[in-house]
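The structure appears below as structure tokens.
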Amino acid sequence: MNKNLMITLIVFGTLLILVTLFWIYKKKMPIKYSLFWFFAAIVIILVGTAPSFVSIFTKSIGFETTSNFIIGIIMAVLLLITMLLTIIIAELKRRITILMQEVSILKSQHNSK
Amino acid sequence: MKKVLIVIPAYNEEKSILTTYKSIMDYNKKGKMKVDVIVINDGSSDNTEKILDDNNIPHVNLLTNLGIGGAVQTGYKYAYINDYDIAVQFDGDGQHDISYIESLIEPLVNERADMAIGSRFINKNLTGFKSSATRRIGIKIVSFFIKLKTRKKIYDTTSGYRAINKKLIKSFSKAYPLEYPEPISTTEALLSKYKVEEIPVEMNERKQGRSSIHTWKNAYYMINVILNVIFAKKGDRNE
């Protein structure tokens, strides 16, 4: 793997850790959800420091170069996250609907008294 | 005597909601039976709320717009809380005719059915508005898929003039499809072995407002409804 890509990956991984720490510090991200991002950052840094580890998988899966393999993996993970978010949003929408209905009924009963 | 509640979902119906309400009150004065009304104001941005307040029309104001499914379900919740025997969904835009209510709830009163759908297509002698040609094709396709899934032919799959009994009020108040509610809830009710009957009614062409099914959304609507019917399961979906 190209040296520049290695450096980019290490820098990107470190930035990801810093950004995650920032959101935790601002109390915007619960620790529970930050664990995934720390894990992702550590994997990215590991790939940057020891690319030979990754290149073992690259050819066997069918990618021509290690960099393509890395991009492929990142895309797969992002797709999975987006899918999970769709499910989470649908569930939140369902709960908000129930909340709205119950509060609206209570409010109308309260007003008519 | 059964306690009957008319549930009117209303989104920006300032021009027609009062006429609709008055037609029901007129019916109460001369009809054989009396019905209660609850209007569910689905976060209207026009003067619907003011008209409801000024005319003392019983209503629930939803804090935000929930869409037709969420609004109708609010009405079913209200019916459940207040112990109604029958809940009738009724459009606020003047499409539905209250004089058919007795024949609509008759199968429920005589315990022949759990749900009765006011249908435009089962009595060819009745005239009235039968929807546009493209929409009728859409209704036929949805009808075909419901038959495929449940083995029961429902002709007017999108009719919003429907009555349900106490068992279904309880079930729907807990779980009701938020989008495309009519065909999907009918399919789910049939799969759960509830009895559904269609009753011939005449409908008017919408006087004001727009249908919740817009022309440009038709293809999207069809795909969604068909997939929902295919994946429909027996029992309460949202629990």
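Every chain is numbered from 1, with letters handed out A, B, ... down the list of sequences.
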Might you work through the side-chain contact (heavy atoms from CB on, under 4.5 Å) test for B:Thr74 and A:Glu102, ending with a clear yes or no?
CA-CA 8 Å; B:Thr74 309; A:Glu102 299 290 337; over 6 Å; no
Please step through side-chain contact (heavy atoms from CB on, under 4.5 Å) for the pair B:Lys77 and A:Ile98, ending with a clear verdict.
CA-CA 10 Å; B:Lys77 283 188 178 179; A:Ile98 294 171; 4.0 Å; yes
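In this structure, A:Glu64 places its CD atom where only 12 or fewer heavy-atom neighbours from other residues, nucleotides or ligands lie under 6.0 Å away. A 6.0 Å sphere centred on NZ of B:Lys195 holds no more than 12 heavy atoms belonging to other residues, nucleotides or ligands. Heavy-atom contacts from other residues, nucleotides or ligands closer than 6.0 Å to CZ of A:Phe36 number more than 12. Residue B:Lys152 qualifies as enclosed at atom NZ: its count of foreign heavy atoms under 6.0 Å is above 12.
The OG atom of A:Ser108 sits 11.5 Å away from the CG atom of B:Asn41 when rounded to the nearest 0.5 Å. For the atom pair CG of B:Asn61 and OG of A:Ser104, the computed distance is 8.0 Å after rounding to the nearest 0.5 Å. Here the straight-line distance linking atom NZ of A:Lys93 with atom CG of B:Leu178 works out to 6.0 Å at 0.5 Å rounding.
Residues B:Val60 and A:Gln109 form no side-chain contact, since every pair of their non-hydrogen atoms from C-beta on lies 4.5 Å or further apart. When side chains are defined from C-beta on, B:Leu66 counts as touching A:Gln101, because their heavy atoms get closer than 4.5 Å.
There is no contact between B:Ile40 and chain A, counting heavy-atom distances below 4.5 Å.
Annotation: ring pair (Phe, Tyr, Trp, His ring centres under 6.0 Å) contacts involving residues 54-96 of chain B, sequence neighbours excluded, comprise B:Tyr76-B:Phe172, B:Tyr76-B:Tyr176, B:Phe90-B:His96, B:Phe90-B:Tyr161, B:His96-B:Tyr161.
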